[in-house]
2 protein chains.
Amino acid sequence: MSSISSTANFFDRPETKLLVPPLNFAMVTSGIYRSGHPLPINFPFLEKLKLKSIIYLGEHDLRTVNVEWASRNGIKIFHFRMENCKLPFVENDPEAIAAALQVVVDSRNFPVLMHSNKGKHRVGVLVGAMRKLLQKWSFASIFDEYGQFAAGKEDSDIEFIEIFNADLQYDPKYAPSWLR
Amino acid sequence: MSSISSTANFFDRPETKLLVPPLNFAMVTSGIYRSGHPLPINFPFLEKLKLKSIIYLGEHDLRTVNVEWASRNGIKIFHFRMENCKLPFVENDPEAIAAALQVVVDSRNFPVLMHSNKGKHRVGVLVGAMRKLLQKWSFASIFDEYGQFAAGKEDSDIEFIEIFNADLQYDPKYAPSWLR
């Protein structure tokens, strides 16, 4: 007789029908989702999205449980090492952002989940850069959206988005429909 | 020679390439967007979404300019009269929410934009009801999402979402892929 359930079993109980999206989960545009770092409790929800790939912006390795889950589900992981911006010592890394955008201009990677740890700052910068460079949103709209998730701790992220530029290569055959 | 441009011409200048989404615009899930009341400045952005319909939760008639724009673009408007919740005098109207959800369980209406005036409270209640009833999200996730847009002025909206229930009819043939 076992009296202690593992965390996984606890959340997998068939009578628990609720789905739990990751922290700060949202749909960005067709084919793209954003969030904080997924936990095992979020896996049943994420499996419904039928993800083809994950973009992770983080300085550490992904948790083993996430890597194994992605592998089981045929999800390709693009990990771009990027520290959280901490001025004046750590700045946002334009190369990591450009590399992540390069994944995003190829719809064969869709649906893709882009996540950082909290889903606020690094992923907010990535979404902002995408809105500006690929979708030509106005800055007012970009900053509004950034602020909905970042809630006051902007540091220099919005300045970064405003000046960010990158020379992205893409095959028009596989370009997302929302690319302008 | 004309020295005064109309508002429409001003925003239509070809050198102004930026797109301006409506206030509090976001993608809810495949086929569904949310926002505040669109203004003419937002029309070029909205036209890219190729909307089939609009759900408007508001107590007043839609602005004529919006009705004409929708008609020109073949967009069907579903207007459900609903006042903003002002306790203790005005409560959220479960019938309006249920009627709006009825539009949402038929993917032939997609892509659909659901909007109120600010895109915070009424549309937040509609999205919350949808997350709960149709997508089986956990309450924690629903309230998080509601709060991202409503920013502190919740009144009794989240309690409404928690107790809301409706008997929705739908044809499985036209059910959205995310319906559980």
- Query: Does B:Leu46 belong to the same Ile/Leu/Val/Met/Phe/Trp/Tyr cluster as B:Phe110, with side-chain heavy atoms less than 4.5 Å apart forming each link?
  - Reply: yes
- Message: Hydrophobic clusters here meaning ILVMFWY residues chained together by side-chain heavy-atom distances under 4.5 Å, can you tell me if B:Val125 and B:Leu23 are in one?
- Response: no
- Identify whether B:Ile142 and B:Phe149 are in the same connected component of the hydrophobic contact network (ILVMFWY, side-chain heavy atoms under 4.5 Å). no
Return one line per donor-acceptor pair between chain B and chain A under 3.5 Å, naming both atoms and the distance rounded to 0.1 Å.
{"residue": "B:Lys17", "atom": "O", "partner": "A:Arg180", "partner atom": "NH1", "Å": "3.0"}
{"residue": "B:Leu19", "atom": "N", "partner": "A:Lys136", "partner atom": "O", "Å": "2.6"}
{"residue": "B:Leu19", "atom": "O", "partner": "A:Ser138", "partner atom": "N", "Å": "2.8"}
{"residue": "B:Asn24", "atom": "OD1", "partner": "A:Gln148", "partner atom": "NE2", "Å": "3.2"}
{"residue": "B:Lys136", "atom": "O", "partner": "A:Leu19", "partner atom": "N", "Å": "2.6"}
{"residue": "B:Ser138", "atom": "N", "partner": "A:Leu19", "partner atom": "O", "Å": "2.8"}
{"residue": "B:Gln148", "atom": "NE2", "partner": "A:Asn24", "partner atom": "OD1", "Å": "3.2"}
{"residue": "B:Arg180", "atom": "NH1", "partner": "A:Lys17", "partner atom": "O", "Å": "3.0"}

